Structures are given as structure tokens and as C-alpha cells.
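Contents: one structure, followed by commentary.
The structure displayed is predicted, hence computed values, not measured ones. Indexing begins at 1, ligand by ligand and atom by atom, following the structure's order.
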Amino acid sequence: MHHQRYNIKPLMQQAMLECAMVIPKTYYIWSVLTTVIAESCSVSLQEGYSRLRYGYRLDRKMIDSFVDYSILDCVEDCLRRKRCKSVSYYGGAKYCEINYENKTTAPNKYLESAGWVYSEREDWDKTITGPCAFSNCEMNQACQPLPFAKHKCVLTDCGIPKMHRADMDEVGRWDAIAIGRMVHPRCINQDKHIGRLLCSKEGHWIVDRNCALWIGANDLDKENEFTWRSSKTPLLYSNWNNKQPNDSNDNQVCAVLKESGKWNDIKCERQRNFICEKALK
Ligand SMILES: *[C@@H]1O[C@H](CO)[C@@H](O)[C@H](O)[C@H]1NC(C)=O
Ligand SMILES: [Ca+2]
Ligand SMILES: [Ca+2]
């Protein structure tokens, strides 16, 4: 086996420490509980280690990443979050990625990758996480162990973005959904990574750019009288979003189709892709 490759000592020490915290100071209770505690504190790492998959990683499904982690730090971080299904670890740089999918749920993202190790949540004994083994933290939270067998839940990610017309399979390799991280999804049927989402510290996605499209209508000639650019004819049909067009800052001239299907007027200088017009035969 490959046990020797990683230093499991700190983890065992931590497990012992957490066990020690569970033990009440009263010696009477101590003597009664010793056997029970000894039992419940035996953390088995063997299965997890025996199932490590060398030479593989899961690509582009990252919750967060960390440097200077051992593989056990990496696994433990994963086990403390409900959302985490697997980890990818690069031993050479002590670099850890925790993922919101595993090789079964995202088979096309499970890649051969030299130097990497892939591991699944289910292969590990969750008691590694001490008081977090039985926490009830939410999907977008991580459990943090506290002294005296307590724990707290802290907000850690913005969730998997649900953007119409954004393809979450086509994000950047270093993209992640944790607080402070960014995701650059590709717009569906477009070849650019035009969407850019930032996960705020409040746990909400801030959409910097998006997959809206120019539709070729503007009010360049006369404010609030929109015409089609190609024919200069007024719109016979429109589908403006609520309170649009609003000519915000008195300089919104060009119409876009938003992800919702509704229209908005924005500055023509903004970068968006466009829809082409095609005559029906
Ligand atoms: C992968 O994730 C799914 C869904 O969370 C889970 O049911 C499954 O046990 C995980 N692992 C494998 C090997 O399928
Ligand atoms: Ca206008
Ligand atoms: Ca507007």
C-alpha cells in the first residue's frame, strides 16, 4: 500500500485530541466510559487509503482548493461539507481540490492525470472529522470542530450557479464556487467564456458579465422609439423586462435578450454576443 507516502500522524493526534475532549473530567464517569470511548474513537483510515486512485483527477467541478494540505487534510475538509463528493490531490505541490461531483455523477470530467490522486467521500470513515461527524450543517456550509465535542456551521460557498444559457460543464480549470472565488461558464451555443460570476462573502453570486445577446433593436434616432437596425422599422413585437426600457443614465440605446428571455436596453458599448436574423423560407 502507499501509506508511507503521507504523514498521517497529525491526523491521528487530532483524532486523539478530539477524543480527549469528549472525555469528561469526572473520574467516576471516566472509568465507566473509557471502554465506550475507546471504541468510538478508533478511526479507520485503511479503507480510504486502499481506495485512492493514483493518476486521476476530477476536473472543473471544484468547490474550493487549498495549498499546503496533506491528502488527509483534503479528505477531512471534504467530509466536513455536505456538498463535497470527492477530492483531487496533487502531492507534488500539496495541492487539494474538493469537488461537488464524483466520477459517477460527472464521468466525463474524470480524467487520467499524472501526479494526481483521486478519492471519494464514501471511502472514508467520517469520524475522522471528530465532532463534525454528526453535524447538521447546510449544503453551502462547512462544519468546524470546536472544543468539548462541539461544532459550528460556517457559510462557505454560493452553490452551483443556475444561469440560463450558461454551460457549467465548460468553466475554467481553476474556477470554484467558494466564497471569494470566480466561475467563468461558457454561454451555451457560443464559443466565448463571456459569463463571469463572483461568489460574494454573503454567499450570493454576483454576475459581472452574462450571456445576454444583442437583438439588433435600438433607439438611436429618437429616445424611447426602438427600431430594428436592419430595416429601421418600429418594433411590432416586444418583450421588455419589467420597468424596461428605462434609458438608465440617459445613455441606454441598444436592446439585449436577457437569460430570462426578457429584453433590456443597455449601453451599446457593452460586450455581448448577438443573434443573427435569418429569413424563413
Ligand atoms: C457519487 O455520488 C453519488 C451522489 O451523491 C453517490 O450516491 C455515490 O455513492 C458516490 N460515489 C460513487 C462511487 O458512486
Ligand atoms: Ca434610450
Ligand atoms: Ca435598461
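Among the heteroatoms counted here (N, O or S) of D247, OD1 is the one nearest to the Ca ion (ligand 2). Closest N/O/S atom of D219 to the Ca ion (ligand 2): OD2.
Closest protein heavy atom to atom 9 (O) of ligand 1: E122 CG, 3.8 Å.
In terms of polar-atom proximity, defined here as any N/O pair under 3.5 Å, T105 makes no such contact with ligand 1.
Taking backbone and side chain together, E223 holds an N, O or S atom under 3.0 Å from the Ca ion (ligand 2). The Ca ion (ligand 2) does not have N251 among its coordinating residues (no N/O/S atom, backbone or side chain, under 3.0 Å). In summary, an N, O or S atom of Q244 is located under 3.0 Å from the Ca ion (ligand 3).
There is a path of hydrophobic side-chain contacts, each under 4.5 Å, that joins V87 to L52.
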- [ ] Just do the ring-ring contact (aromatic ring centres under 6.0 Å, His included) check on Y110 and Y56 with the steps written out, would you?
- [x] CA-CA 7 Å; Y110 183 60; Y56 287 91; 4.8 Å; yes
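Each of the following atoms of ligand 1 lies closer than 4.0 Å to a heavy atom of N102: 1 (C), 2 (O), 3 (C), 8 (C), 10 (C), 11 (N), 12 (C). Ligand 1 places these atoms under 4.0 Å from at least one heavy atom of T104: 12 (C), 13 (C), 14 (O).
Note: W263 and F226 fail the aromatic proximity criterion, with ring centroids not under 6.0 Å apart.
In this model, C132 has its SG atom no nearer than 2.5 Å to the SG atom of C137. In this model, C74 has its SG atom within less than 2.5 Å of the SG atom of C96.
Seen from the Ca ion (ligand 3), atom OD1 of N264 and atom OD1 of N246 lie 140° apart in angle, a value rounded to 10°. Rounding to 10 degrees gives 70° for the angle at the Ca ion (ligand 3) between O of D265 and OE1 of Q252.
Atom 7 (O) of ligand 1 lies below 4.0 Å from none of the non-hydrogen atoms of the protein.
Listed here is the closest heavy atom pair of P107 and T105: CD-C, 3.5 Å.
Each of H184, M62, R60, M168 was scored for a side chain to side chain contact (heavy atoms under 4.5 Å, CB included) with D175, with one residue passing: H184.
Comparing heavy-atom distances from atom 13 (C) of ligand 1 across E120, K85, R83 singles out E120 as nearest.
Side-chain atoms of D125 and S44 include no donor-acceptor pair closer than 3.5 Å.
A side-chain donor-acceptor contact under 3.5 Å links T156 to the backbone of N140.
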